[in-house]
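Down below is the structure, laid out as structure tokens.
Treat the numbers as computed from the prediction; the structure is a model and nothing was measured. Order of appearance sets the numbers: ligands from 1, and atoms from 1 within every ligand. Any value given below was found using the heavy atoms of this structure, including those in side chains, with hydrogens, waters and symmetry copies removed.
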Amino acid sequence: MMNTTTAGQETASASVPLITVDGPSGSGKGLLSAKLARHTGWQVLDSGALYRLVALSALQAELSLDDEAGLERISLNLDASFSPGDDGIDVCLHGEPVAQKLRHEDVGAMASKVAAMGVVRAALLQRQRDYWQLPGLIADGRDMGTVVFPQAKLKVFLTASAEERARRRYNQLMAKGENVNFSGLLREIEARDERDQNRALAPLKPADDAILIDSTANSPEQVFAQVCQLLVEKQLFTENV
Ligand code: DC
């Protein structure tokens with residue numbers, strides 16, 4: 001299934017279906033991607049989890065951000081696998097479920113730092129492309145449609161207002177019994193958007209050919225149905241919901 005381009009880079013055959021789902025944190029990409037993976041039976045890639053895994057390993061090994069060689073080694077050797085879960089994408093590292101650990105605040109903060117490093121992004125680029133295999137791939141992240149898979153025939157850019165994303169996160173945390181402050185969450189989300197959109201490397205922005213979907217006023221089921229319709233229109237998958 002892999003072809004070698006003249007540049008010597010490996011790319012999956014264009015006949016393997018691919019859909020990219022990019023957008024800011026909390027827009028519902030993970031849930032949408034998991035639903036799409038279950039519907040199509042395709043592989044799913046949570047690229048944000050790769051950055052979080054690098055961060056987790058770096059914290060566990062007590063690596064400093066100056067240790068570029070160490071961070072590159074970790075990035076090149078991640079043995080991560082993904083599967084669709086009930087409320088998002090499940091992640092395993094060397095076969096062990098790690099989704100809970102990846103959600104910790106210190107891992108998220110470290111992930112946003114390693115994600116801004118060229119050496120880490122370069123090391124993860126081919127690893128991400130390696131997930132593009134039969135029967136197809138749903139790729140979830142920030143730069144899937146712009147950098148990692150610019151050739152994708154269907155690119156979704158999922159957004160929601162910062163208030164709505166903060167409200168969803170607030171409800172999730174309250175449901176887990178955590179004591180949270182809405183305005184604090186909103187400030188965090190706005191600060192993260194600002195960092196993601198304005199960083200020098202692979203900033204968060206829709207690809208020119210992305211389809212923008214605003215989930216602020218729509219349920220996850222409505223967004224899913226809309227994307228399934230697009231899959232059929234683009235002749236990437238024949239069954240509609
Ligand atoms: O989506 P997330 O919160 O799990 O992402 C974790 C971090 O990785 C976040 O700081 C954004 C960054 N990221 C990125 O730079 N590129 C991606 N394709 C996915 C995530």
Could you go through R167 and E164, starting from their C-alpha distance and side-chain angles, then the distance that decides it, and tell me whether this counts as salt bridge (charged side-chain N to carboxylate O under 4.0 Å, His left out)? CA-CA 5 Å; R167 195 186 58 75; E164 173 61 15; 2.7 Å; yes
D140 vs F82, side chain to side chain contact (heavy atoms under 4.5 Å, CB included): CA-CA, chis, key distance, verdict: CA-CA 11 Å; D140 166 326; F82 304 100; over 6 Å; no
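Residue-environment remark: CZ (R121) exceeds the threshold of 12 foreign heavy atoms within 6.0 Å. Within a 6.0 Å sphere centred on CZ of R199, other residues, nucleotides and ligands contribute more than 12 heavy atoms.
A donor-acceptor contact under 3.5 angstrom links the side chains of Q172 and R169, judged on distance only.
From E178, atom CD reaches atom CG of L173 across 5.0 Å, with rounding to the nearest 0.5 Å.
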One pair per line, please: each N/O atom of ligand 1 matched with every protein N/O atom under 3.5 Å away, atom names first, then the distance to 0.1 Å.
unit_1, atom_1, unit_2, atom_2, d
ligand 1, 1 (O), R142, NH1, 2.8
ligand 1, 1 (O), R142, NH2, 3.4
ligand 1, 3 (O), R52, NH2, 2.9
ligand 1, 4 (O), R52, NE, 2.7
ligand 1, 15 (O), R121, NH1, 2.8
ligand 1, 15 (O), R121, NH2, 3.4
ligand 1, 15 (O), R199, NH1, 2.9
ligand 1, 15 (O), R199, NH2, 2.8
ligand 1, 16 (N), R121, NH2, 3.0
ligand 1, 18 (N), S47, OG, 3.0
ligand 1, 18 (N), R142, N, 3.2
ligand 1, 18 (N), D143, OD1, 2.8

